[in-house]
Amino acid sequence: MSGDVASPPFRILPRITDLNRPFWTGGEHGELRFLRCRDCGTRLHPPVPVCHVDHSRNVHPEAVSGRATVATFTINHQMWMPGPELPYVVAIVEIEEDPTIRLTTNIVGCEPGDVYIGMPVEVVFERQPDGDGAVWLPLFRPRREAEVG
Ligand SMILES: [Zn+2]
């Protein structure tokens with residue numbers, strides 16, 4: 001079923017909480033951040049205050065490389081909500097440091113027809129005004145060869 005892939009809450013801005021703020025505002029510093037348990041090293045996403053492995057509360061935001069791999073994707077040709085120009089790619093990517101962490105996102109910076117499963121990508125942030133502040137949506141673009149390694 002691709003239904004869960006085609007209906008992400010993207011471009012609908014997230015409600016910022018103390019827990020998810022590092023994730024949604026890390027882009028201000030060019031960082032993709034996840035909460036990580038400092039006792040066992042598990043990354044926690046969606047963010048939770050207590051590690052689900054060892055129940056530790058020693059949980060803090062930590063930046064990852066921003067590199068990821070396309071796990072699955074769909075090309076959207078329908079204007080079903082205000083969003084980017086059509087067509088665009090809605091993808092699920094697995095982050096390099098922990099492939100069990102999957103983000104629903106958009107692939108930008110290439111033709112939709114050039115996207116493939118297993119494609120190496122890297123994060124790029126799209127700033128969106130949000131009330132008095134802003135959030136930085138993590139989108140992904142094809143990884144540049146020169147930046148690999
Ligand atoms: Zn833990």
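Just follow the structure's listing: the first ligand is 1, and inside any ligand the first atom is 1. For the numbers below, each heavy atom of this structure counts, side chains included, while hydrogens, waters and symmetry mates do not.
Look at R102 and E94 and you find a salt bridge, because one of the NZ, NE, NH1 or NH2 atoms lies within 4.0 Å of a carboxylate O, short of that distance. Electrostatic pairing of R43 and E62 counts as a salt bridge here, judged by a charged N lying under 4.0 Å from a carboxylate O.
Take the N/O/S atoms of D54: the one nearest the Zn ion (ligand 1) is OD1.
Under the 30°/60° scheme for interplanar angles, the aromatic rings of H45 and F34 are found to stand perpendicular.
Between the CZ atom in F140 and the CZ atom in F125 there is a gap of 7.5 Å [rounded to 0.5 Å].
Because the distance cut-off is set at 2.8 Å, C40 qualifies as a neighbour of the Zn ion (ligand 1) through one of its N, O or S atoms. With a cut-off of 2.8 Å, the Zn ion (ligand 1) has an N, O or S atom of C51 in range.
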